[in-house]
A.B. asks: 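Once you've had a glance at the structure underneath, I'll fire off some questions.
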Amino acid sequence: MSKSVLDAKALHDEAAAYAFVEARVWPNGPICPHCGADKGRVGKLAGKSTRIGVYKCYACRKPFTVKVGTIFEASHIKLHVWLQAMFLLSSSKKGISSNQLARTLEITLKSAWFLSHRIREAMNDGSIGNLGGAGSVVEADETYYGKREERSVSEQLKGRPYEMKSSIADKRAIVSLVERGGKVRSFHVDRADKVTVAHIVMANVAKETRLHTDESNLYKGADGVFASHETVNHSEKEYARGDVTTNSVEGFFGIFKRGMRGIYQHCDEKHLHRYLNEYDFRYNNRVALGVNDDARAVKALKGVVGKRLTYRTIGSTNAGQEAQG
C-alpha cells in the first residue's frame with residue numbers, strides 16, 4: 001500500500017500548497033512556461049506586495065507561477081482549495097456532486113462545476129500501449145447510459161426523426177476494456193457497432209491476450225486475432241465457466257452507473273467522456289493496486305500540466321443541473 005504522500009498542510013495553507021505543487025510540476029526546479037528557460041535564468045520574486053509563488057523569467061522578462069499552463073491557470077480559487085477538491089474527487093468511490101463540492105469548499109456552484117471538470121481532464125492519463133499480453137485476460141463489453149441528445153434524420157421521411165424500434169438506438173454507447181486484476185480503458189462512441197468495437201479492441205489489446213466477452217456478435221472473428229476468444233452466454237444465464245467471465249468489466253459498469261445515477265444524476269452527452277476519465281482513473285488507481293486516497297490525489301495532480309480548459313470551452317449548459325445531492 002502506498003504511504004500517505006499528500007501534505008496535510010498543503011490542504012490548508014496557500015504558501016504550502018504552492019510549494020507542494022511546484023515540487024511535483026517542477027521536480028528539477030522552476031521552468032518558465034512562456035519560453036522554457038530554467039535554473040539560473042528564473043528567480044522567485046519576494047516582497048510584501050508580491051503574490052505567493054510568483055517567479056520572474058530573465059530570458060523573456062515575463063512573470064509566472066506554477067499555475068500557468070495547467071488546469072489552475074486564470075482561476076481565482078485558492079490553490080489549497082484546488083488540492084482539497086482533487087482529494088475529494090479522487091477519494092470518493094462514486095464521485096462527488098458539484099453541489100456537495102460547493103458546500104464543502106464554500107465556493108459557488110458554478111465554480112465547483114467548472115473546477116470538477118478541469119480535474120477530470122487532469123485525470124485523463126492519455127494511456128498508450130496495449131492492455132493484456134501473454135498469459136493475461138482482457139474482458140470487453142459495451143453498455144448504455146442515458147439518452148442520446150441527437151437523433152439521426154432520414155431524408156426519406158422529409159425531416160421527421162427516424163426512430164429505430166430498439167431502445168438502444170436512443171442511448172449513449174460506452175465500450176470498456178478491463179485487464180483482469182489491472183486497469184480499465186473506456187470509450188464513449190457514437191454507435192457500438194461491429195466496426196467501431198473491433199477497432200477499439202484491436203487498437204488497445206495485445207494480440208497475445210486471452211479475450212473474454214459475452215455472446216454478442218460484435219466480437220465474432222476475434223479468435224483469429226487474439227491468443228484466444230472465450231465467451232459466456234448471458235442470454236442462457238451463464239455468467240462464468242471456469243475462469244471465463246466478464247464479471248470484472250460488469251463490476252466496473254456497476255460502479256459507474258451507480259455513481260452517475262446516484263451522485264451526478266444529470267450529464268450532458270458532450271461531457272460523458274470526462275466522467276469516464278474520472279471513473280477510469282479511480283479504478284486504475286484503486287487500493288487493490290496499492291494506491292491509497294492520498295497517492296491517488298497526487299497522481300491526479302501530476303496530470304494538471306497542459307490541460308487548461310476555459311469555461312466557454314466546457315460550456316455551461318449543465319452547471320446547475322448536475323446532481324442536487
A.B. asks: Let me check something: do Ile52 and Val81 share a hydrophobic cluster, defined by ILVMFWY side-chain heavy atoms less than 4.5 Å apart, either directly or through other members?
C.D. replies: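 Looking at the clustering, Val81 is in the same group as Ile52.
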
A.B. asks: Just wondering, do Phe256 and Lys94 contact through their side chains at under 4.5 Å, heavy atoms?
C.D. replies: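 No, side chains not in contact.
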
A.B. asks: For a quick test of reading the model, state the closest non-hydrogen atom pair linking Cys267 to Met260 and the distance between them.
C.D. replies: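 Closest heavy-atom pair between Cys267 and Met260: CB-CE, 3.6 Å.
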
A.B. asks: Could you measure the distance from the CZ atom of Arg274 to the CD1 atom of Ile119? Nearest 0.5 Å is fine.
C.D. replies: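 Output value for this atom pair is 13.0 Å.
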
A.B. asks: Is the closest side-chain donor-acceptor distance between Lys110 and Ser98 under 3.5 Å?
C.D. replies: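 No donor-acceptor contact under 3.5 Å links the two side chains.
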
A.B. asks: Nearest heavy-atom pair of Val291 and Arg296: which atoms, and what distance?
C.D. replies: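 Where Val291 meets Arg296 most closely, the heavy atoms are O-NH2, 3.2 Å.
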
A.B. asks: Check this for me, if you would: do Arg103 and Glu106 make a salt bridge, where the nitrogen-to-carboxylate-oxygen distance has to be below 4.0 angstrom?
C.D. replies: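 Result for this pair is no, no salt bridge flagged.
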
A.B. asks: Quick check on the hydrophobic clustering: are Val54 and Phe64 connected, directly or via other members, by side-chain heavy-atom contacts under 4.5 Å?
C.D. replies: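 Different clusters: Val54 never reaches Phe64 through Ile, Leu, Val, Met, Phe, Trp or Tyr contacts under 4.5 Å.
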
A.B. asks: Could you work out the complete set of other residues in the hydrophobic cluster of Val232, with links drawn between I, L, V, M, F, W and Y side chains under 4.5 Å apart?
C.D. replies: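 Cluster partners of Val232: Val244.
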
A.B. asks: About how many Å separate CZ of Phe114 and CD1 of Ile77, when rounded to the nearest 0.5 Å?
C.D. replies: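 Going from the CD1 atom of Ile77 to the CZ atom of Phe114 covers 8.5 Å.
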
A.B. asks: Rounded at 0.5 Å granularity, tell me how far NZ in Lys44 sits from OG1 in Thr65.
C.D. replies: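 Reported value, rounded in 0.5 Å steps: 10.5 Å.
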
A.B. asks: Please answer whether the main-chain N or O of Gly133 pairs with a side-chain N or O of Glu208 as donor and acceptor at a distance below 3.5 Å.
C.D. replies: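 No.
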
A.B. asks: I need the minimum non-hydrogen distance between Tyr58 and Gly43, along with the two atoms involved.
C.D. replies: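 For Tyr58 versus Gly43, the nearest heavy atoms are CE1-N, 3.6 Å.
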
A.B. asks: Sub-3.5 Å donor-acceptor pair from the side chain of Ser91 to the main-chain atoms of Phe87, do we have one?
C.D. replies: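 Flag set: sc Ser91 to bb Phe87 pair under 3.5 Å.
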
A.B. asks: Looking at side-chain heavy atoms only, is the closest gap between Tyr239 and Lys237 below 4.5 Å?
C.D. replies: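 A side-chain contact exists here, since the closest heavy-atom pair is under 4.5 Å.
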
A.B. asks: Please determine, by modelled atom types, if Asp268 and His266 share a side-chain donor-acceptor pair under 3.5 angstrom.
C.D. replies: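 Result is yes, a qualifying pair exists.
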
A.B. asks: Could you tell me whether the side chains of Thr231 and His212 share a donor-acceptor contact shorter than 3.5 Å?
C.D. replies: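 Absent: no donor and acceptor within the cut-off.
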
A.B. asks: Are Gln84 and Thr104 side-chain neighbours, meaning at least one heavy-atom pair lies under 4.5 Å?
C.D. replies: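 Result no, sub-4.5 Å side-chain heavy-atom pair not found.
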
A.B. asks: Would you call Pro33 and Glu73 a side-chain contact if the rule is heavy atoms closer than 4.5 Å?
C.D. replies: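 Pro33 vs Glu73: side chains apart.
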
A.B. asks: Any donor-acceptor pair under 3.5 Å linking the side-chain atoms of Glu139 with those of Ser248?
C.D. replies: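 Yes - a donor-acceptor pair under 3.5 Å links their side chains.
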
A.B. asks: Of the non-hydrogen atoms in Asn130 and Ala206, which two are nearest, and what is the gap between them?
C.D. replies: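 The pair with the smallest heavy-atom distance is CB-N, 3.5 Å.
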
A.B. asks: Between Arg282 and Glu278, does any NZ, NE, NH1 or NH2 come within less than 4.0 Å of an OD or OE carboxylate oxygen?
C.D. replies: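 So Glu278 pairs with Arg282 through a salt bridge.
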
A.B. asks: Might you point out which heavy atoms bring Ala300 and Ala122 nearest each other, and give the distance in Å?
C.D. replies: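 For Ala300 and Ala122, the tightest heavy-atom pair comes out as O-CB, 3.7 Å.
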
A.B. asks: Going by atom types only, do Ser97 and Asn99 share a side-chain donor-acceptor pair under 3.5 Å?
C.D. replies: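 No - no donor-acceptor pair under 3.5 Å links their side chains.
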
A.B. asks: Counting only heavy atoms not in Lys207, do more than 12 sit closer than 6.0 Å to its NZ atom?
C.D. replies: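 For Lys207, atom NZ is crowded (more than 12 foreign heavy atoms under 6.0 Å).
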
A.B. asks: With clusters defined by side-chain heavy atoms of hydrophobic residues (ILVMFWY) lying less than 4.5 Å apart, directly or transitively, does Val137 cluster with Phe253?
C.D. replies: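 Shared cluster, no.
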
A.B. asks: Should Leu88 and Leu105 count as side-chain neighbours, where that means a heavy-atom distance under 4.5 Å?
C.D. replies: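 Yes; the side chains approach each other to less than 4.5 Å.
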
A.B. asks: Quick one: ring-ring contact (aromatic ring centres under 6.0 Å, His included) partners of Tyr283, sequence neighbours excluded?
C.D. replies: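 Phe252.
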
A.B. asks: Apply side chain to side chain contact (heavy atoms under 4.5 Å, CB included) to residues His34 and Val68 and explain how you reach the verdict.
C.D. replies: CA-CA 9 Å; His34 303 296; Val68 176; 4.2 Å; yes

A.B. asks: Flag the pair Arg120 and Asp280 as a salt bridge only when some basic side-chain nitrogen lies within less than 4.0 angstrom of an acidic carboxylate oxygen.
C.D. replies: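 Salt bridge between Arg120 and Asp280, a charged N being under 4.0 Å from a carboxylate O: no.
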
A.B. asks: Kindly give the heavy-atom pair with the smallest separation between Ser186 and Leu276, and that separation in Å.
C.D. replies: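 Result for this residue pair: CB-CD2, 4.0 Å.
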
A.B. asks: What's the separation between atom OG1 in Thr245 and atom CD in Glu230, rounded to the nearest 0.5 Å?
C.D. replies: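 Thr245 atom OG1 to Glu230 atom CD measures 11.5 Å (nearest 0.5 Å).
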
A.B. asks: If you draw a 6.0 Å radius around NZ in Lys220, do more than 12 non-hydrogen atoms from other residues or ligands fall strictly inside?
C.D. replies: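 No, the 6.0 Å shell around NZ holds no more than 12 heavy atoms from other groups.
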
A.B. asks: Would you say Leu45 ends up clustered with Val21 if hydrophobic residues are merged whenever their side chains have heavy atoms under 4.5 Å apart, either directly or through other cluster members?
C.D. replies: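 No; Leu45 is not reachable from Val21 via cluster members.
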
A.B. asks: What's the separation between atom CG in Leu89 and atom CD in Gln100, rounded to the nearest 0.5 Å?
C.D. replies: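 Atom-to-atom, Leu89:CG and Gln100:CD are 12.0 Å apart.
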
A.B. asks: Can you pull the salt bridge (Lys or Arg N to Asp or Glu O under 4.0 Å) pairs that have at least one residue in residues 24-41, sequence neighbours excluded?
C.D. replies: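 Every pair satisfying salt bridge (Lys or Arg N to Asp or Glu O under 4.0 Å) with a residue in residues 24-41: Asp38-Arg41.
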
A.B. asks: Test Val304 against Lys67 for side chain to side chain contact (heavy atoms under 4.5 Å, CB included), laying out the working first.
C.D. replies: CA-CA 9 Å; Val304 302; Lys67 295 167 68 175; over 6 Å; no

A.B. asks: Suppose we screen for ring-ring contact (aromatic ring centres under 6.0 Å, His included). Which residues come up paired with Phe72, at least two apart in sequence or across chains?
C.D. replies: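 So Phe72 forms a ring-ring contact (aromatic ring centres under 6.0 Å, His included) with Trp82.
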
A.B. asks: Flag the pair Lys299 and Asp125 as a salt bridge only when some basic side-chain nitrogen lies within less than 4.0 angstrom of an acidic carboxylate oxygen.
C.D. replies: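 Salt bridge between Lys299 and Asp125, a charged N being under 4.0 Å from a carboxylate O: no.
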
A.B. asks: Arg286: which residues meet the salt bridge (charged side-chain N to carboxylate O under 4.0 Å, His left out) condition with it, sequence neighbours left out?
C.D. replies: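 Testing Arg286 for salt bridge (charged side-chain N to carboxylate O under 4.0 Å, His left out), a comparison that skips the adjacent residues, returns none.
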
A.B. asks: Please indicate whether His234 has more than 12 foreign heavy atoms, meaning atoms of other residues, nucleotides or ligands, lying under 6.0 Å from its NE2.
C.D. replies: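 Yes, enclosed.
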
A.B. asks: Taking the side chain as C-beta and beyond, is there a heavy-atom pair between Leu101 and Ser116 under 4.5 Å?
C.D. replies: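 The answer is yes; the side chains approach within 4.5 Å.
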
A.B. asks: Test Val249 against Val184 for side chain to side chain contact (heavy atoms under 4.5 Å, CB included), laying out the working first.
C.D. replies: CA-CA 8 Å; Val249 67; Val184 64; 5.8 Å; no

A.B. asks: Is a donor on one side and an acceptor on the other found under 3.5 Å between the side chain of Glu179 and the backbone of Gly132?
C.D. replies: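 Side chain of Glu179 to backbone of Gly132, a donor-acceptor pair under 3.5 Å: yes, one is there.
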
A.B. asks: Out of curiosity, Asp141 CG to Asn247 CG, how far, rounded to the nearest 0.5 Å?
C.D. replies: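 Output value for this atom pair is 10.5 Å.
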
A.B. asks: With a cutoff of under 4.5 Å between side-chain heavy atoms, which Ile, Leu, Val, Met, Phe, Trp and Tyr residues group with Leu177?
C.D. replies: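 ILVMFWY cluster around Leu177 also holds Leu131, Val138, Val175, Phe187, Val189, Val197, Ile200, Val201, Met202, Val205, Leu211, Leu218, Tyr219, Val225, Phe226.
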
A.B. asks: What I'd like to find out is whether the side chain of Asn277 reaches to under 4.5 Å of the side chain of Glu121, using heavy atoms alone.
C.D. replies: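 Asn277 reaches Glu121 side chain to side chain.
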
A.B. asks: Is Lys56 atom NZ crowded by more than 12 heavy atoms from other residues, nucleotides or ligands, each under 6.0 Å away?
C.D. replies: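 Yes.
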
A.B. asks: Would you please test Val66 and Tyr18 for side chain to side chain contact (heavy atoms under 4.5 Å, CB included) and show each step?
C.D. replies: CA-CA 8 Å; Val66 72; Tyr18 268 91; 3.9 Å; yes

A.B. asks: Check whether any side-chain heavy atom of Val298 sits under 4.5 Å from a side-chain heavy atom of Phe20, and report yes or no.
C.D. replies: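 Touching, per the 4.5 Å side-chain cut-off.
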
